[in-house]
Undergrad: 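Structure in structure tokens, see below.
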2 protein chains.
Amino acid sequence: MHTFVPKTKKKMYEKKIPLPLECGLAMTREILGGKWKPNLLLAISLGINRPSQLHREIPQSTKRVLNLQLKELEEFEMIEKKIYHQLPPKVEYHLTKRGETLMHILRQMNEWGDKNRPFIKSIILNRTKALD
Amino acid sequence: MHTFVPKTKKKMYEKKIPLPLECGLAMTREILGGKWKPNLLLAISLGINRPSQLHREIPQSTKRVLNLQLKELEEFEMIEKKIYHQLPPKVEYHLTKRGETLMHILRQMNEWGDKNRPFIKSIILNRTKALD
DNA sequence: CGGCATCCGCCAAGATACTG
DNA sequence: CAGTATCTTGGCGGATGCCG
């Protein structure tokens with residue numbers, strides 16, 4: 001009797017591939033994974049196109065770093081660089097088609113941050129306050 | 001003569017606040033700004049709740065780092081930690097209401113990365129190939 | 001299984017100054 | 001105005017091992 005005791009059944013199929021979790025996110029991180037890249041993209045999309053303007057917009061950073069990150073965004077063809085050969089030099093950045101596909105994500109990140117700012121700030125404040 | 005030479009007019013209104021650019025994005029970066037946080041959130045939302053599972057899911061990282069980032073996500077109340085006091089110990093993470101509000105952003109980041117992977121990879125490959 | 005302590009290397013990002 | 005060169009740093013994340 002009970003000749004057919006089903007051994008503690010394992011799940012029929014072990015997921016081989018740990019889910020394509022990393023993939024997509026890793027790719028996106030490759031593009032947006034610079035401290036100021038999201039800000040740069042958002043600013044450019046708002047018509048702030050020139051390096052000096054961008055630096056004024058993000059004074060917390062430096063020309064150098066902004067340049068680096070702009071160059072990377074350009075390398076991945078998220079933005080295009082237009083150089084006016086004149087004196088003084090003039091440069092403009094513009095979103096590419098591909099870069100525009102990022103905008104709704106960036107806008108949502110921005111909105112989310114705005115909505116949650118009070119909450120997040122309160123946590124940060126309490127954290128430092130605890131160090132008294 | 002020329003008594004009324006209007007001095008080089010400045011723009012009527014200088015933007016005092018460099019646009020609330022940083023704000024929203026900076027807040028969001030405060031939350032998602034860890035190498036594995038997006039992956040962790042996404043995984044948890046998919047029902048991968050236990051530390052060991054999560055580590056299996058993201059074997060590129062280490063227990064330590066994952067723990068750190070989980071702790072931060074918990075601190076900001078994006079996830080909740082449920083501890084079962086038993087032996088061997090058991091722990092489960094779950095998204096909070098607030099954490100769930102991040103999911104559509106994360107899913108979009110994931111999708112975007114998937115869609116653009118071929119393109120991005122090709123650029124990365126050509127880059128390293130250029131070093132021959 | 002889950003968590004923490006220790007040690008360490010690296011690199012992104014800041015500071016500064018100079019050129020065209 | 002735009003861009004680059006040089007130097008420095010902080011801290012994040014990786015590697016390992018021990019403990020309850």
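Keep in mind that this is a model prediction, so the values were computed, not measured.
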Undergrad: Which sits closer to the 5' end of DNA chain D, K63(B) or Q69(B), going by the nucleotide each is nearest to?
TA: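 Its nucleotide being nearer the 5' end, the pick is Q69(B).
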Undergrad: Provide, to the nearest angstrom, the distance between the CD atom belonging to Q60(B) and the C1' atom belonging to dA15(D).
TA: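 So the CD-C1' distance, Q60(B) to dA15(D), works out to 16 Å.
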Undergrad: What is the distance, to the nearest angstrom, from the CG atom on L68(A) to the C1' atom on dA2(D)?
TA: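 For the pair L68(A) CG and dA2(D) C1', the rounded distance is 14 Å.
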Undergrad: Starting at atom CD of E72(B), determine the distance to atom P of dG11(D), rounded to an integer number of angstrom.
TA: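 One finds 13 Å between P of dG11(D) and CD of E72(B), rounded.
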Undergrad: Look at the side chain of V91(B) and decide which nucleotide, out of dG2(C), dG14(D), dG3(D), has an atom nearest to it.
TA: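 The closest nucleotide is dG2(C).
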Undergrad: Does K71(A) put a side-chain nitrogen or oxygen below 4.0 Å from OP1 or OP2 of dG3(D)?
TA: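 For dG3(D), neither OP1 nor OP2 has a side-chain N or O of K71(A) closer than 4.0 Å.
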Undergrad: Does R29(B) use its side chain to pair, donor to acceptor, with the backbone of K35(A) at less than 3.5 Å?
TA: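 Confirmed, R29(B) side chain pairs with K35(A) backbone.
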Undergrad: Is K90(B) near enough to dG3(C) that one of its side-chain N or O atoms lies under 4.0 angstrom from OP1 or OP2?
TA: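 Result: no.
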Undergrad: Go through the steps for L125(A) and S122(A) under the test side chain to side chain contact (heavy atoms under 4.5 Å, CB included), then give the verdict.
TA: CA-CA 5 Å; L125(A) 290 185; S122(A) 76; 5.7 Å; no
Undergrad: Looking at the base of dA5(D), is there any donor atom on it, or on the side chain of R64(A), that sits under 3.5 Å from an acceptor on the other one?
TA: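 Check fails, no donor-acceptor contact within cut-off.
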Undergrad: S61(A) and W36(A): side-chain donor and acceptor closer than 3.5 Å?
TA: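 A donor-acceptor contact under 3.5 Å links the two side chains.
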Undergrad: If I take atom CG in residue L54(B) and atom P in nucleotide dG2(C), what distance separates them, rounded to the nearest angstrom?
TA: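 Those two atoms, CG and P, are 9 Å apart.
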Undergrad: So which nucleotide from dA15(C), dA15(D), dG3(D) ends up closest to the side chain of Y93(A)?
TA: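 Closest nucleotide to the Y93(A) side chain: dG3(D).
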Undergrad: Side-chain N or O of S61(B) less than 4.0 angstrom from OP1 or OP2 on dG14(D)?
TA: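 Yes, such a contact exists.
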Undergrad: Which heavy-atom pair separates M78(A) from W112(B) by the least distance, and what is that distance?
TA: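 So the minimum-distance heavy-atom pair works out to CE-CH2, 3.8 Å.
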Undergrad: Roughly, in whole Å, what's the span from CZ in R50(B) to C1' in dC1(C)?
TA: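 It is 7 Å, rounded to the nearest whole Å.
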Undergrad: Mapping G33(A) and L87(A) onto DNA chain C by nearest heavy atom, which one lands closer to the 5' end?
TA: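 The residue whose closest nucleotide sits nearer the 5' end is G33(A).
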Undergrad: Mind checking if P51(B) touches a base, just sugar-phosphate, or nothing, with heavy atoms under 4.0 Å?
TA: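 Answer is sugar-phosphate: P51(B) comes under 4.0 Å of backbone atoms only.
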Undergrad: Using whole Å, what does the distance between atom P of nucleotide dC1(D) and atom CZ of R56(A) come to?
TA: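 Roughly 6 Å, once rounded to whole Å.
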Undergrad: May I ask you to establish whether R50(B) and Y93(B) are in a cation-pi arrangement, using a distance under 6.0 Å from NZ or CZ to the six-membered ring centre and at most 45° from the ring axis?
TA: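 Judged by the rule, R50(B) and Y93(B) form no cation-pi pair.
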Undergrad: For the pair made of OH in Y84(A) and P in dC1(D), what is the distance, rounded to whole Å?
TA: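 In whole Å, dC1(D) P and Y84(A) OH are 16 Å from each other.
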Undergrad: For K37(A), report the nucleic acid contact type (base, sugar-phosphate, nothing); a contact means any heavy atom under 4.0 Å.
TA: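 Nothing: the residue K37(A), judged by heavy atoms under 4.0 Å, touches no strand.
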Undergrad: Side-chain N or O of K81(A) versus OP1/OP2 of dG3(D): is the shortest distance under 4.0 Å?
TA: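 For K81(A), the contact criterion (side-chain N or O under 4.0 Å from OP1 or OP2 of dG3(D)) is met.
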Undergrad: Starting from C1' on dG14(D), measure out to CG on L66(B) and report it in whole angstrom.
TA: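 Taking CG of L66(B) and C1' of dG14(D), I get 11 Å after rounding.
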Undergrad: Do any side-chain nitrogens or oxygens of S52(B) fall under 4.0 Å of OP1 or OP2 in dG2(C)?
TA: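 Checking S52(B) against dG2(C): at least one side-chain N or O falls below 4.0 Å of OP1 or OP2.
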